[in-house]
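As structure tokens, the structure follows; a few thoughts come after it.
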Amino acid sequence: MPDLGQHPLIADRMARLRSVDCPPHEFRRYVADIARLLVLPATENFDTAPQAVTTPLTEMTGRKLARPIVLVPILRAGLGLSDAFHQMLPEASIAHYGMARNEETLEPEIYFQRFPAELAEAEVIVLDPMLATGGSAAAALAGLKENGARHLHFVCLVASPEGLSLLTERHPDVPVTCGTLDDGLNENGYIVPGLGDAGDRIFGTV
Ligand code: PRP
Ligand code: URA
């Protein structure tokens, strides 16, 4: 996995949004900026199929995406990434996965799910800014597989080494794109240096 966090644009937005002084309206904007930059690496292995094209000058064979696309923001914080991805992939359907980490057990609890009909044939991009213990992402990918998804991708802004290990161990078939890899988790399961609680910072809650 390339270290995208070294890219100057990602590094700059990341430093701004990590700051405790960054207010929600700026935080949301920097999250969306980084999300736009992650669309290309997240989709680079999508299959394409030949497509006949008539240009104003001649006939040629171009390429089109071989599969429909489904975006799956993990609620709530994944919503911070989904608009930027949808702008770049406007034909995508949006699934929702409501999941809240129990802050005592650190286990994810599912409270909502709604998937489109084309889940099985689609490129399915799961979006969540934070990969901490990895429990939420691993549970979301398992649930999507149970519902038929086969071509899965996971995108986050910040990952911990622990979360990345868990995800690749449980879902070795799922490519992961992450904005940056941080040092580790603290005793409360928060990513360090991290950015705090992404959902609260996006939505201005406590
Ligand atoms: C956060 C984050 C991930 C999860 C990561 O969501 O957006 O979904 O925690 O932690 P994990 O890797 O240890 O499972 P949270 O459960 O706080 O819900 P929210 O998005 O509604 O704030
Ligand atoms: N959830 C977050 O929003 N941030 C963390 O650092 C860990 C879990």
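All residue numbers in this chain count up from 1 along the given sequence. Note that ligands are numbered from 1 as they come in the structure, with each ligand's atoms numbered from 1 the same way.
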Subject >> Heavy atom of protein closer than 4.0 angstrom to atom 2 (C) of ligand 1 >> reply: yes
Subject >> Distance (rounded to the nearest 0.5 Å) between L157 CG and L38 CG >> reply: 6.5 Å
**OP:** Output the distance between atom OH (Y30) and atom CG (L195), rounded to the nearest 0.5 Å.
**Re:** 14.0 Å
Subject >> Nitrogen or oxygen of A132 less than 3.5 angstrom from that of ligand 1 >> reply: yes
Original post:
Heavy-atom contacts under 4.0 Å between D197 and ligand 1: side chain, backbone, both, or neither?
Top reply: side chain
Original post:
What's the shortest distance from atom 18 (O) of ligand 1 to any protein heavy atom, and which residue and atom give it?
Top reply: M99 O, 3.9 Å
Original post:
Between the side chain of R101 and the main-chain N/O of G189, is any donor-acceptor distance below 3.5 Å?
Top reply: yes
Original post:
Is the closest N or O pair between G196 and ligand 2 shorter than 3.5 Å?
Top reply: yes
**OP:** For A132, take its heavy atoms, then give the atoms of ligand 2 lying under 4.0 Å from any of them.
**Re:** 7 (C), 8 (C)
Subject >> Contact check, A100 vs ligand 1, heavy-atom distance below 4.0 Å >> reply: yes
Original post:
Does N188 offer a backbone N or O that forms a donor-acceptor pair with the side chain of N186 under 3.5 Å?
Top reply: yes
**OP:** Using atom types as modelled and distance alone, determine if a side-chain donor or acceptor of H153 lies under 3.5 Å from a backbone N or O of T43.
**Re:** no
Subject >> Donor-acceptor side-chain pairing of D200 and T205 below 3.5 angstrom >> reply: yes
Subject >> Neighbour count >12 (heavy atoms, 6.0 Å) for atom CD, E91 >> reply: yes
Original post:
Can you list the atoms of ligand 2 that are under 4.0 Å from a heavy atom of R101?
Top reply: 7 (C), 8 (C)
Original post:
Within the structure, does at least one protein heavy atom fall under 4.0 Å of atom 6 (O) of ligand 1?
Top reply: no
Original post:
Identify the closest protein heavy atom to atom 4 (C) of ligand 1: which residue and atom is it, and at what distance?
Top reply: S136 OG, 3.6 Å
**OP:** Please work out which of G163, A198, A77, G134 has its closest non-hydrogen atom nearest to atom 20 (O) of ligand 1.
**Re:** A77
Original post:
For the hydrophobic clusters of this structure (ILVMFWY residues joined by side-chain heavy atoms under 4.5 Å, transitively), does one cluster hold both V126 and I34?
Top reply: no
Original post:
Which of the atoms in ligand 2, numbered in the order shown and given with their element, are less than 4.0 Å from a heavy-atom of I191?
Top reply: 5 (C), 6 (O)
Original post:
For atom 13 (O) of ligand 1, what is the nearest protein heavy atom, given as residue, atom name and distance?
Top reply: T133 OG1, 2.6 Å
**OP:** Please confirm whether the backbone N or O of L79 pairs with a side-chain atom of D83, one donor and one acceptor, at under 3.5 Å?
**Re:** no
Subject >> Protein heavy-atom partner closest to atom 22 (O) of ligand 1 - residue, atom, separation in Å >> reply: R76 NH2, 3.0 Å
Original post:
Between F46 and R63, is there a cation-pi geometry (under 6.0 Å to ring centre, at most 45° from the normal)?
Top reply: no
Subject >> Protein heavy atom at shortest distance from atom 16 (O) of ligand 1 >> reply: R101 N, 2.6 Å
Original post:
When you check the gap from the basic side-chain N to the acidic O, do K145 and D173 get nearer than 4.0 Å?
Top reply: yes
**OP:** Let me know which of E121, E118, H151 forms a side chain to side chain contact (heavy atoms under 4.5 Å, CB included) with V70.
**Re:** E118
Subject >> For G189, atoms of ligand 2 separated by under 4.0 Å from a heavy atom >> reply: 7 (C)
Original post:
What are the atoms of ligand 1, with element, lying closer than 4.0 Å to any heavy atom of M130?
Top reply: 2 (C), 3 (C), 5 (C)
Original post:
Which of the atoms in ligand 2, numbered in the order shown and given with their element, are less than 4.0 Å from a heavy-atom of Y190?
Top reply: 4 (N), 5 (C), 6 (O), 7 (C)
**OP:** Using a strict cut-off of less than 4.0 Å between a Lys/Arg side-chain nitrogen and an Asp/Glu carboxylate oxygen, indicate whether D197 and R201 qualify as a salt bridge.
**Re:** no
**OP:** Would you tell me which option among L167, V158, L131, D128 has the nearest heavy-atom contact to atom 8 (O) of ligand 1?
**Re:** D128
Subject >> Pick from M130, E103, R201: the one approaching atom 1 (N) of ligand 2 most closely through a non-hydrogen atom >> reply: M130
Original post:
For ligand 2, which atoms, with element, lie under 4.0 Å from some heavy atom of A198?
Top reply: 2 (C), 3 (O)
